[in-house]
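Remarks on the structure that follows.
Every chain is numbered from 1 and lettered A, B, ... according to where its sequence line falls, protein lines coming before strand lines. Worth knowing before you read on, the calculation uses all heavy atoms, side chains too, and leaves out hydrogens, waters and symmetry mates.
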Number of protein chains: 2
Amino acid sequence: MADRIKVFHLEDYKILRDGIRFLLSQDQDIDIIGEARNATELLDYLEKNSVDVLILDIYLDGMEDWRTPDGFEICGIVTQQYPQTKVVAHSVYDDADRVAKIMRAGAMAFVSKKSGYEELIHAIKLAYAVKRYICTETSKKLKNLNEFLSGMEDTLKAENEFFSRREKIVLELMAKGYSSKDIAKELFISEKTVETHRKNMVDKACVKNTVELMAYASSRGFLKN
Amino acid sequence: MADRIKVFHLEDYKILRDGIRFLLSQDQDIDIIGEARNATELLDYLEKNSVDVLILDIYLDGMEDWRTPDGFEICGIVTQQYPQTKVVAHSVYDDADRVAKIMRAGAMAFVSKKSGYEELIHAIKLAYAVKRYICTETSKKLKNLNEFLSGMEDTLKAENEFFSRREKIVLELMAKGYSSKDIAKELFISEKTVETHRKNMVDKACVKNTVELMAYASSRGFLKN
DNA sequence: AATAAAATCCGGGATTTCCCGGATAAATTG
DNA sequence: CAATTTATCCGGGAAATCCCGGATTTTATT
């Protein structure tokens, strides 16, 4: 992460743009380089500038107008014409159909507006690292109802197999308070290997350290306990 | 924790004694120094040996016999005559009445047989450290139904207010990947103070380090996210 | 008002993690 | 079979945590 992540925000409510701009400005790695209220403004901007991550409110006002594309179309256009720009879908509607639809349209992440800004930040970082993500609430909802598995296996699979077999074992031992040295002894591998697994998981989850990794893994049900 | 925790197991089913003996042998800090099927064997043993923690199955076979004490009585006898021996109650029945009864009889912890061995290990360590504990499942069940608050306030209160206000704030920031330095800046306190809070939480939870603390706190719903 | 608990601060030294940048072999997947 | 991922291993140095043992002030609680 040498440079900051260049984020563009498409959202028709000013109060939300303002709020999110402020909240995301807190994060060291994120730069909001532009905002827009509609697709035209966004596409104009994209023609002349490079954007790492687009926060896309799927339901924009004035969508009744048949001439302007809706959120799903925008997502499709952006991901096809500007593949380096990753889309984080942001919406109040978090039902399986619409989440699946936007992901199929090429979004890297979906975050419900019910979620806090932490989720959004996390989604941005993961999207930037070309990793799919669905916010905790929505993820839980869809997982429990088992609605999602039909249309979008790959995404959930990616969630389930987020960590490798070995990494999961290391994670479990970490959760039991084992140090790298302890884990190395337990698994008959080098301490350095354990540290690598640890580091790889921290990177995969886009978190800062193993403590946050633990919070992340635990809240996402990656642990047995 | 210089010496291992000397654990005695009272349980009438052999298969359970065998299983638990094996499972607990995995833990570095725990030594199963004895087992028994009935109260007589236990009390004989206690006369001659010291026991740190007694895992007590409350409902033993042959309890119909009026001459042998039941689990609650055993608990009372042990906690009174051998106060250094802490009782971890283990039972299939996890309703409020019986949990309250066994805790009133002097048990330091209650673990449902529906729980995994990790809970049992945790209960043993907490009991050894003279801390009350009720397993996650039972705790949740009783908390939700609000049955428990009437008779045994102190115990549940201890669960709810396990961490102090300040500690909880530090915990939240830790879960976000903040280092002690980061937290210190955020809260305008010294780095050393943060480390103290950290350490105190690790001690309270009877865990080895902050990573395990995080797993513990998260699985127990101590975190917002 | 006395006692207890919580929050704050401090230091030194051992241990651990984190971060940088590697490398190799095995397994999986396309 | 080639490419990718996974699992393994390594080193050095900076940063952070852990562990030992304190201490003071503020805030309950009784």
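Distance B:Phe188 CZ to C:dT8 C1': 16 Å, rounded to the nearest Å. As a whole-Å value, the separation of A:Asp182 CG from C:dT15 C1' is 11 Å. Atom CG in A:Leu171 sits roughly 16 Å away from atom C1' in D:dT6 (whole-Å rounding). Distance CZ (B:Phe163) to P (C:dA6): 12 Å, rounded to an integer number of Å. For the pair A:Leu173 CG and C:dT17 P, the interatomic distance rounds to 12 Å; values are reported in whole Å. For A:Ile183 and C:dT16, the CD1 to P distance is 12 Å, given to the nearest whole Å. When rounded to the nearest whole Å, the span between NE2 of B:His197 and P of D:dT26 equals 15 Å. The OH-P distance, from B:Tyr178 to D:dA16, rounds to 15 Å in whole Å.
With hydrogens and angles ignored, a donor-acceptor pair under 3.5 angstrom links the side chain of B:Thr196 to the base of C:dC9. Scanning atom types as modelled, no donor and acceptor separated by under 3.5 angstrom connect the side chain of B:Lys192 and the base of D:dG22.
OP1 or OP2 of D:dT17 sits under 4.0 Å from a side-chain N or O of B:Arg198. The phosphate of D:dT17 has OP1 or OP2 within less than 4.0 Å of a side-chain N or O from B:Ser180. Within the structure, a side-chain polar atom (N or O) of B:Lys181 is placed less than 4.0 Å from OP1 or OP2 of D:dA16. Dashed line: the shortest gap from a side-chain N or O of A:Thr193 to OP1 or OP2 of D:dC9 is under 4.0 Å. Residue A:Ser190 places at least one side-chain N or O under 4.0 Å from the OP1 or OP2 atom of D:dC10.
Checking D:dC20, D:dT17, D:dA7 against every side-chain atom of B:Lys199, the shortest atom distance belongs to D:dC20. Checked against D:dA28, D:dC18, D:dT8, the side chain of A:Arg166 finds its nearest nucleotide in D:dT8. Nearest to the side-chain atoms of B:Glu195 among the listed nucleotides D:dA7, D:dC18, D:dT6 stands D:dC18.
Between B:Phe163 and B:His197, the ring centre distance reaches or exceeds 6.0 Å. Ring centroid separation for the pair B:Phe110 and B:Tyr133 does not come in under the 6.0 Å cut-off.
Among the heavy atoms of the strands, none lies under 4.0 Å from B:Asn200.
The pair B:Asp27-B:Lys125 meets the salt-bridge criterion, with a side-chain N (NZ, NE, NH1 or NH2) lying under 4.0 Å from an Asp/Glu carboxylate O.
Projected onto DNA chain D by closest heavy-atom contact, B:Asp203 and A:Leu187 fall at different nucleotides, the more 5' of which corresponds to A:Leu187.
No donor-acceptor pair under 3.5 Å is formed between the side chain of A:Asp31 and the backbone N or O of A:Lys6.
The residue from B:Lys199, B:Arg198, B:Lys192 that alone fulfils the salt bridge (charged side-chain N to carboxylate O under 4.0 Å, His left out) condition with B:Glu195 is B:Lys192.
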